[in-house]
Amino acid sequence: MTIRVGYFPSNNSLWVLRHRGILERSIPDVEWVDLRSLPAGVRPAPADGLPSLHGDHLFDGGYDFIGTGSTPPVTAQARGHDIVYAGISGPRHENGRLIVLEDSPIVGLEDLKGKRVALAHGSWQTTLLLFALARAGLTWKDIEPVDAGVDAGRLFLNGEVDAWVGSYPSLTSVEKEAATRELVATDGLFSHRSLWFTRRDFAEKHPEEFAAIVAALQESDAWIQENYREAAELFAADDGGDVDAWENALRKRPFGVLPVSEEFVAEQQRAADLFYANGLIDRKIVVADAVLK
């Protein structure tokens, strides 16, 4: 049986696992699926909804297992997909933050009202921004979200957006060019974890392969922590980026696969409730339903 594992650079653990050959020792027939090679589909306008391709591809033959940030599995459940979490990382507070330029007139979160905010919509960045808005008593409709992707840093530096939810290594290059100011500390607002999930039928019908993937991720993550520079080179070779920036980014991130905790489920449920209240998903979900019993 061929096991299809989706991967892309944004999930650092799966990216390194893809290039290290560790999983193949326990599952010889692995098909690695680069998410960037799959149909992109139609992305809803960021004011209207959330993209759902990460979850959709688990059910349309794209792959059997995937790792992302916190938002895609919530979106998948909202689409009616029967998913289960395989594990979570530790908090990644240092990996990303909501910033403005140092001389921006935006002083507090409440000043975001009516402003253009750049983010990679549908990623963890949507969750962080919603949590920030809720703290200030604002809603998604109070801002103009800009789904900027790889262009976000340029838009931010050019003043085409007023604020940016950025992450490393992209933040590194921006911080070299301009003085920035964190609008709210990520720590205490959002845990920003990596996570891995799959279809319930895969987890229940193929428990050995499911466990083998998790064990391989653990081994690969341990290698990253002992070889940050070599791991950074794997990412820089793909995007032509700066090895130093990638090494800095990797050193800021926790590695290892942890069991799904009650604290994590509660945070995901709060995010799901905010998505629904702000019109980004069209049904209420119970995050605990995606925890493997």
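Residue indices begin at 1 and follow the sequence shown.
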K.L.:
Treating Thr180 as the side-chain partner and Glu102 as the backbone partner, does any N or O pair qualify as donor plus acceptor under 3.5 Å?
P.N.:
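No: the side chain of Thr180 does not pair with the backbone of Glu102.
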K.L.:
Say whether, by atom type as modelled, one donor and one acceptor occur between the side chain of Thr75 and the main chain of Thr71 under 3.5 angstrom.
P.N.:
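Confirmed, Thr75 side chain pairs with Thr71 backbone.
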K.L.:
Could you list the donor-acceptor pairs under 3.5 angstrom formed by side chains in residues 228-236, with sequence neighbours left out?
P.N.:
| residue | atom | partner | partner atom | Å |
| --- | --- | --- | --- | --- |
| Arg229 | NH1 | Asp244 | OD1 | 2.5 |
| Arg229 | NH1 | Glu247 | OE1 | 2.8 |
| Arg229 | NH2 | Asp244 | OD1 | 3.1 |

K.L.:
Does Arg181 pair with Glu175 as a salt bridge, N-O distance under 4.0 Å?
P.N.:
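Salt bridge: no.
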K.L.:
Taking atom CD1 of Ile66 and atom OH of Tyr7, what is their separation to the nearest 0.5 Å?
P.N.:
10.5 Å
K.L.:
Please check this pair: side chain of Arg199 against backbone of Leu58, looking for a donor-acceptor N/O pair closer than 3.5 Å.
P.N.:
yes
K.L.:
State the CD-CZ distance between Gln268 and Arg193, to the nearest 0.5 angstrom.
P.N.:
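Taking CD in Gln268 and CZ in Arg193, the distance rounds to 9.5 Å.
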K.L.:
Is any side-chain heavy atom of Pro145 closer than 4.5 Å to a side-chain heavy atom of Val117?
P.N.:
no
K.L.:
Check the angle between the aromatic planes of His192 and Phe190 and answer parallel, tilted or perpendicular using the 30° and 60° thresholds.
P.N.:
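Ring orientation, 0 to 90° scale: parallel.
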K.L.:
Mark yes or no for whether Asp239, through its side chain, and Gly241, through its backbone, hold a donor-acceptor pair below 3.5 Å.
P.N.:
yes
K.L.:
Could you tell me whether the side chain of Val287 reaches within less than 4.5 Å of the side chain of Gln77, counting heavy atoms only?
P.N.:
yes
K.L.:
Mind checking whether Phe8 and His54 have parallel, tilted or perpendicular rings, split at 30° and 60°?
P.N.:
tilted
K.L.:
Side chains of Leu109 and Leu138, heavy atoms from C-beta outward: is any pair under 4.5 Å?
P.N.:
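Contact flag for Leu109/Leu138 side chains = no.
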